Novice: 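Sharing a structure below in structure tokens format, with a few things to ask.
Everything numeric here is computed off the predicted structure, so don't read it as measured data.
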Amino acid sequence: MERRIFAAAAGAAALSAAQSNDEKLTTAVIGVGGRGSGLLAGILTQPNVAIGALCDIKPDRLDRAATAAGRDNPKTYSDWRAVIDRKDITSVYIATPPHLHADMAVAALEASKHVYCEKPVGVTPAQVKAVVAAARRSNKVFTAGQQLRSMKLLRDAVAEIQGGAIGDILMVKAQRHATSDHPKDNSSADWYFDVDKSGGYLIEQSVHNLDLCNWAIGAAPRRACGFGATRLHKNEPPGRSIFDCGSMVFDYANGVQLTFTQNVFHARQLPAGGQYVHVFGSKAALDLMYGVTAYPLGGKDAGPPVTLAEKGPDDPHAHTAAFFACVRGQGPNPADITVGATAALTSILGHRAMVEERVVTWTELGVTL
Ligand SMILES: NC(=O)c1ccc[n+]([C@@H]2O[C@H](COP(=O)([O-])OP(=O)(O)OC[C@H]3O[C@@H](n4cnc5c(N)ncnc54)[C@H](O)[C@@H]3O)[C@@H](O)[C@H]2O)c1
């Protein structure tokens with residue numbers, strides 16, 4: 001499985017029937033809230049790509065998106081199935097709340113469309129399994145919104161790590177700490193605090209961080225344990241069913257242990273906040289989240305830090321550019337279904353361990369990749 005997960009991206013472009021750069025591609029965005037609007041802005045910068053349809057159940061958002069995409073005069077819909085029925089639309093972006101991704105992605109793939117699906121691929125193993133099956137049956141491109149995979153700096157740094165630059169990976173310690181809870185007056189508050197819709201912080205947000213950990217480690221975890229709770233924001237908003245903090249340990253078949261913590265009450269001035277991914281190797285250690293500087297092991301006699309990759313300007317729409325390149329058969333898929341499903345399942349594994357307060361195994365999730 002490990003080999004498939006991390007080598008798969010390179011070959012995935014072959015899945016797509018080659019479509020030349022000159023061919024105009026007509027795409028659609030389903031869900032034009034915060035993320036969908038950002039994706040739309042990126043799509044509009046892509047050469048020879050037109051927005052054929054926009055879909056949202058909130059009319060104000062649909063209007064705003066239609067204005068942004070006015071150049072292409074897209075048709076607007078409140079029913080996503082009508083978008084899937086459009087034969088001229090060859091790809092769809094799915095940026096709705098997480099619990100809706102699987103049904104939409106499966107329907108789009110079955111209608112022979114290329115799919116860019118926001119993370120997480122699903123919030124339950126059954127949802128992830130359905131998307132995996134549909135993506136494997138289809139000969140279309142499926143790209144998950146794990147856009148860290150398109151950051152050149154990270155790609156270069158992970159390649160160096162996997163090439164042995166810090167020795168064998170022994171242990172990883174990572175966190176995603178925020179200074180505040182998700183805003184209660186934000187329009188996405190209508191799904192965010194419902195664990196059945198968002199999956200909770202770990203599945204909805206830390207899926208990025210956990211994907212980065214898996215990527216560096218070169219594997220998926222085989223089991224996890226942990227504890228989570230709502231410590232500060234009890235019943236805020238009323239009916240809240242997501243945790244506001246959690247601590248987990250993931251155990252990998254290659255012996256690596258990943259310790260991961262998450263909270264939404266890290267005081268801004270307290271050091272060591274925010275996000276990091278500390279990777280401890282047998283020769284050196286680094287923070288993969290922000291840095292590409294590896295620090296050799298040892299005390300005063302340790303050698304100087306080593307720069308693993310050069311920072312450069314990162315294209316904010318690189319993941320979208322990579323998706324269309326892949327659709328045209330001109331580039332690898334940066335986050336294919338194996339990457340997307342593995343990331344979602346890793347966060348589901350951690351979430352389930354916290355909820356059930358026991359060691360949960362990858363096999364129990366029942367999804368074969
Ligand atoms: N990759 C990233 O960095 C990133 C960043 C932010 C959000 N996201 C992901 O994007 C997705 C959306 O998050 P958001 O922050 O934009 O939320 P949001 O609430 O701002 O937007 C979701 C939109 O989907 C619409 N919607 C809900 N049900 C629908 C339906 N049945 N048909 C059509 N539209 C429907 C809502 O009306 C809303 O406009 C989530 O999966 C989230 O995890 C990814």
Side-chain angles (χ1 to χ4, degrees), residues 2-3 5-7 9-10 146-179 202 206-227 245-263 265-314 334 339 342-343 346 350 359:
E2 291 172 23
R3 189 182 53 77
I5 293 172
F6 300 100
Q146 306 286 160
Q147 81 269 13
L148 293 186
R149 297 277 179 158
S150 287
M151 285 181 65
K152 185 179 177 313
L153 187 73
L154 289 178
R155 282 210 315 271
D156 290 351
V158 170
E160 286 290 326
I161 290 171
Q162 288 175 351
I166 63 168
D168 294 333
I169 298 179
L170 307 174
M171 186 180 230
V172 178
K173 189 164 185 287
Q175 72 174 34
R176 187 175 182 120
H177 288 189
T179 52
L202 191 77
S206 297
V207 66
H208 282 305
N209 310 65
L210 293 171
D211 176 46
L212 184 53
C213 294
N214 284 345
W215 192 15
I217 294 167
R222 60 178 179 166
R223 55 186 178 161
C225 60
F227 297 96
C245 63
S247 310
M248 286 136 273
V249 179
F250 295 86
D251 174 48
Y252 289 73
N254 57 7
V256 175
Q257 298 151 32
L258 158 65
T259 306
F260 191 84
T261 63
Q262 170 140 40
N263 76 39
F265 40 70
H266 195 110
R268 191 174 296 279
Q269 283 158 312
L270 180 70
Q275 306 178 46
Y276 64 71
V277 173
H278 287 172
V279 184
F280 299 92
S282 55
K283 293 187 198 156
L286 83 162
D287 177 1
L288 184 57
M289 194 90 211
Y290 291 113
V292 283
T293 304
Y295 301 93
L297 284 199
K300 287 195 190 117
D301 301 333
V306 179
T307 301
L308 289 189
E310 292 300 333
K311 286 190 183 176
D314 243 317
V339 168
T342 304
T346 301
V359 175

Novice: Run the numbers on Leu153 and Val292 for side-chain contact (heavy atoms from CB on, under 4.5 Å), then give the verdict.
Specialist: CA-CA 8 Å; Leu153 187 73; Val292 283; 3.6 Å; yes
Novice: In residues 220-227, what donor-acceptor pairs under 3.5 Å come from side-chain atoms, sequence neighbours left out?
Specialist:
unit_1, atom_1, unit_2, atom_2, d
Arg222, NE, Asp251, OD2, 3.0
Arg222, NH2, Asp251, OD2, 3.1
Arg223, NE, Asp251, OD2, 2.7
Arg223, NH2, Asp251, OD2, 3.2

Novice: Measuring from Cys213:SG to Ile169:CD1, what's the distance to the nearest 0.5 Å?
Specialist: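 The CD1 atom of Ile169 is 10.0 Å from SG of Cys213, to the nearest 0.5 Å.
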Novice: Nearest 0.5 Å, please: how far is NZ in Lys152 from CG in Leu154?
Specialist: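 These two atoms lie 11.0 Å from each other.
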Novice: Flag the pair Phe260 / Ser247 as yes when at least one side-chain heavy-atom distance between them is below 4.5 Å, and no otherwise.
Specialist: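 The answer is no; the side chains never approach within 4.5 Å.
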Novice: Let's go through Ile217 and Val172 carefully: what are the C-alpha distance in whole Å and the side-chain angles of both, what is the deciding distance for side-chain contact (heavy atoms from CB on, under 4.5 Å) to 0.1 Å, and is it a yes or a no?
Specialist: CA-CA 8 Å; Ile217 294 167; Val172 178; 3.8 Å; yes
Novice: Under the side-chain contact (heavy atoms from CB on, under 4.5 Å) rule, what do Thr259 and Met248 come out as? Steps first, then yes or no, please.
Specialist: CA-CA 6 Å; Thr259 306; Met248 286 136 273; over 6 Å; no
Novice: Would you say that Val158 contacts Leu288 through its side chain, given a criterion of any heavy-atom pair below 4.5 Å between the two side chains?
Specialist: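 Result yes, sub-4.5 Å side-chain heavy-atom pair found.
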Novice: With a 4.5 Å heavy-atom cut-off, do Leu258 and Val249 have their side chains touching?
Specialist: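 Contact flag for Leu258/Val249 side chains = no.
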Novice: For residues Asn214 and Tyr252, determine if any side-chain heavy atom of one lies less than 4.5 Å from a side-chain heavy atom of the other.
Specialist: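 Result yes, sub-4.5 Å side-chain heavy-atom pair found.
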Novice: Sequence neighbours left out, cut at 3.5 Å: what donor-acceptor pairs do the side chains of residues 272-285 make with other protein atoms?
Specialist:
unit_1, atom_1, unit_2, atom_2, d
Gln275, OE1, Asn209, ND2, 2.9
Tyr276, OH, Lys173, NZ, 3.3
Ser282, OG, Asp168, N, 2.8

Novice: I'd like to know if Arg149 and Asp211 make a salt bridge, using a cut-off of under 4.0 Å between side-chain N and carboxylate O.
Specialist: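 Salt bridge flag = yes for Asp211 with Arg149.
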Novice: If you look at every heavy atom in Ile166 and Ala294, which pair is closest and at what distance?
Specialist: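 Between these two residues, the closest heavy atoms are CG2-CB, 3.9 Å.
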Novice: Between His208 and Leu148, which heavy-atom pair has the shortest distance, and what is it?
Specialist: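 Scanning both residues, the minimum pair turns out to be O-CD1, 3.7 Å.
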Novice: Look up atom CZ in Arg176 and atom CD in Gln262, then write down how far apart they are to the nearest 0.5 Å.
Specialist: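 Going from CZ on Arg176 over to CD on Gln262, the span is 7.0 Å.
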Novice: Taking the side chain as C-beta and beyond, is there a heavy-atom pair between Thr261 and His177 under 4.5 Å?
Specialist: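 They are in contact (side-chain heavy atoms under 4.5 Å apart), so the answer is yes.
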Novice: Hey, what do you get for CZ (Arg155) to CD (Glu160), rounding to the nearest 0.5 Å?
Specialist: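 With rounding to 0.5 Å, CZ (Arg155) is 13.5 Å from CD (Glu160).
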Novice: Decide yes or no for Thr179 and Phe265: does some side-chain heavy atom of the first lie under 4.5 Å from some side-chain heavy atom of the second?
Specialist: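 No, side chains not in contact.
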Novice: Test your reading of the model: is there a side-chain donor-acceptor pair from Gln162 to the backbone of Trp215, 3.5 Å cut-off?
Specialist: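 Yes: the side chain of Gln162 pairs with the backbone of Trp215.
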Novice: How close do Leu210 and Phe250 get, counting heavy atoms only, and between which atoms?
Specialist: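 Scanning both residues, the minimum pair turns out to be CD2-CE1, 3.9 Å.
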Novice: Considering only heavy atoms from C-beta outward, does the side chain of Leu170 approach that of Val256 to under 4.5 Å?
Specialist: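 Answer no - side chains too far apart.
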